[in-house]
Amino acid sequence: MGEKDCIFCKIANGEIPSKTLYEDEDFKVILDVGPATRGHALILPKNHYANLYELPDKEAVKVMLLAKKMAALMTEKLGCDGFNLVQNNGKAAGQTVFHFHLHLIPRYKEDGQTLGWKPLEPTQEELEDIKKIITE
Ligand code: AMP
Ligand code: ZN
C-alpha cells in the first residue's frame with residue numbers, strides 16, 4: 001500500500017536508497033538526512049499512513065516494540081546518554097513529511113539540542129475545564 005509521490009513510501013519500499021539500520025516485513029528504520037544528533041533515525045511503516053490518526057492499532061503496537069528494541073541497540077552501540085522518541089502529526093505540530101514516522105533521537109550530554117516547550121501557567125480552574133472537555 002504505497003502512495004504516489006510519497007518520499008517515505010519510496011524509501012520504505014526500496015525505490016529510493018537510504019541508510020538502513022533495520023528492516024522487516026512491516027518497517028524500515030533509516031538514518032535521518034537532517035539529524036538533530038549523531039544517529040538520529042526514523043521508523044517508517046512500509047504501508048502509507050499519513051499520521052498517527054491513520055495508523056492501525058496493530059501497527060501502533062509493533063512500532064512501539066520496535067522503538068524499544070532500536071533504542072536499546074542504539075544506546076549500546078552509540079553510547080548515548082539519553083534518548084527521545086518524537087512523533088509529529090500535522091503541520092501545526094511540525095510534521096513535514098506526511099507519511100507516519102517515529103523519530104529515534106539519541107541524546108548526548110551537551111549536544112546543544114533542545115526539544116522543549118515553554119510551560120504555560122494554567123489555573124486549577126483552567127486545568128479542570130480542559131479535563132472536562134477531554135473526558136466528558
Ligand atoms: P517531521 O518534521 O516529523 O515530518 O520529520 C521529517 C524528517 O524527515 C526530518 O527530520 C527530515 O530531516 C527527514 N527527511 C526528509 N527527507 C528525508 C530523506 N529523503 N531521507 C531521510 N530523512 C529524511
Ligand atoms: Zn507514504
Side-chain angles (χ1 to χ4, degrees):
M1 192 176 23
E3 181 138 312
K4 199 175 158 286
D5 300 332
C6 171
I7 187 159
F8 282 0
C9 277
K10 289 181 180 156
I11 291 173
N13 295 293
E15 277 174 64
I16 292 180
S18 59
K19 298 289 182 210
T20 302
L21 305 182
Y22 172 85
E23 183 168 9
D24 63 25
E25 62 174 328
D26 300 311
F27 299 101
K28 192 174 259 199
V29 182
I30 64 163
L31 286 180
D32 193 306
V33 290
T37 63
R38 180 172 167 267
H40 180 169
L42 303 169
I43 298 182
L44 312 179
K46 290 188 174 177
N47 289 333
H48 180 88
Y49 310 111
N51 49 43
L52 182 69
Y53 306 112
E54 289 189 4
L55 188 73
D57 287 358
K58 215 173 136 200
E59 303 228 18
V61 169
K62 288 184 184 172
V63 96
M64 191 49 75
L65 292 174
L66 180 54
K68 193 176 169 211
K69 191 164 111 177
M70 290 305 301
L73 174 76
M74 291 164 71
T75 299
E76 185 197 330
K77 300 276 188 170
L78 297 170
C80 57
D81 304 304
F83 212 94
N84 291 119
L85 298 182
V86 175
Q87 204 277 307
N88 302 322
N89 299 283
K91 207 170 160 190
Q95 187 176 10
T96 58
V97 180
F98 294 88
H99 174 125
F100 175 93
H101 51 282
L102 180 63
H103 293 261
L104 304 170
I105 309 180
R107 299 302 303 273
Y108 306 89
K109 280 178 208 136
E110 293 162 18
D111 62 24
Q113 294 289 6
T114 49
L115 301 176
W117 56 85
K118 199 172 72 188
L120 304 174
E121 294 178 352
T123 61
Q124 283 301 314
E125 197 180 25
E126 286 168 330
L127 290 173
E128 186 60 28
D129 284 349
I130 302 291
K131 189 195 85 175
K132 281 189 181 144
I133 289 166
I134 296 169
T135 60
E136 287 178 5

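Computed over heavy atoms, backbone and side chain alike; hydrogens, waters and symmetry mates excluded. One-based numbering, in listed order, for ligands and for the atoms of each.
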Legend entry - Interatomic distance, R38 atom CZ to C80 atom SG [nearest 0.5 angstrom]: 9.0 Å
Inset, instruction - Show the numbers, then the answer: is there a salt bridge (Lys or Arg N to Asp or Glu O under 4.0 Å) between E128 and K131? - result: CA-CA 5 Å; E128 186 60 28; K131 189 195 85 175; 3.4 Å; yes
Legend entry - Interatomic distance, L65 atom CG to M70 atom CE [nearest 0.5 angstrom]: 13.5 Å
Legend entry - Closest approach to the Zn ion (ligand 2) by H48, given as the N, O or S atom name: ND1
Legend entry - Angle subtended at the Zn ion (ligand 2) by SG of C9 and SG of C6, nearest 10°: 120°
Legend entry - Name of whichever N/O/S atom of H99 is nearest to the Zn ion (ligand 2): ND1
Inset, instruction - Find out whether L42 and H103 are in side-chain contact, i.e. whether some heavy atom of one side chain is under 4.5 Å from a heavy atom of the other. - result: yes
Legend entry - D24 CG: over 12 foreign heavy atoms closer than 6.0 Å: yes
Any protein N or O within less than 3.5 Å of an N or O in ligand 1? List each pair with its distance, or say none.
{"residue": "ligand 1", "atom": "2 (O)", "partner": "G94", "partner atom": "O", "Å": "2.9"}
{"residue": "ligand 1", "atom": "2 (O)", "partner": "T96", "partner atom": "N", "Å": "3.4"}
{"residue": "ligand 1", "atom": "2 (O)", "partner": "T96", "partner atom": "OG1", "Å": "3.0"}
{"residue": "ligand 1", "atom": "3 (O)", "partner": "N88", "partner atom": "ND2", "Å": "2.9"}
{"residue": "ligand 1", "atom": "3 (O)", "partner": "H101", "partner atom": "NE2", "Å": "2.9"}
{"residue": "ligand 1", "atom": "3 (O)", "partner": "H103", "partner atom": "NE2", "Å": "2.8"}
{"residue": "ligand 1", "atom": "4 (O)", "partner": "T96", "partner atom": "N", "Å": "2.7"}
{"residue": "ligand 1", "atom": "4 (O)", "partner": "T96", "partner atom": "OG1", "Å": "3.2"}
{"residue": "ligand 1", "atom": "4 (O)", "partner": "V97", "partner atom": "N", "Å": "3.0"}
{"residue": "ligand 1", "atom": "4 (O)", "partner": "H101", "partner atom": "NE2", "Å": "3.0"}
{"residue": "ligand 1", "atom": "5 (O)", "partner": "H101", "partner atom": "NE2", "Å": "3.0"}
{"residue": "ligand 1", "atom": "5 (O)", "partner": "H103", "partner atom": "NE2", "Å": "3.2"}
{"residue": "ligand 1", "atom": "10 (O)", "partner": "D32", "partner atom": "OD1", "Å": "3.3"}
{"residue": "ligand 1", "atom": "10 (O)", "partner": "D32", "partner atom": "OD2", "Å": "2.5"}
{"residue": "ligand 1", "atom": "12 (O)", "partner": "D32", "partner atom": "OD1", "Å": "2.5"}
{"residue": "ligand 1", "atom": "22 (N)", "partner": "V33", "partner atom": "N", "Å": "3.3"}

Legend entry - Heavy-atom side-chain contact between Y108 and Q113 under 4.5 Å: no
Legend entry - Partner of Y49 under side-chain hydrogen bond (donor to acceptor under 3.5 Å, both in side chains), chosen from H99, E3, E59: E59
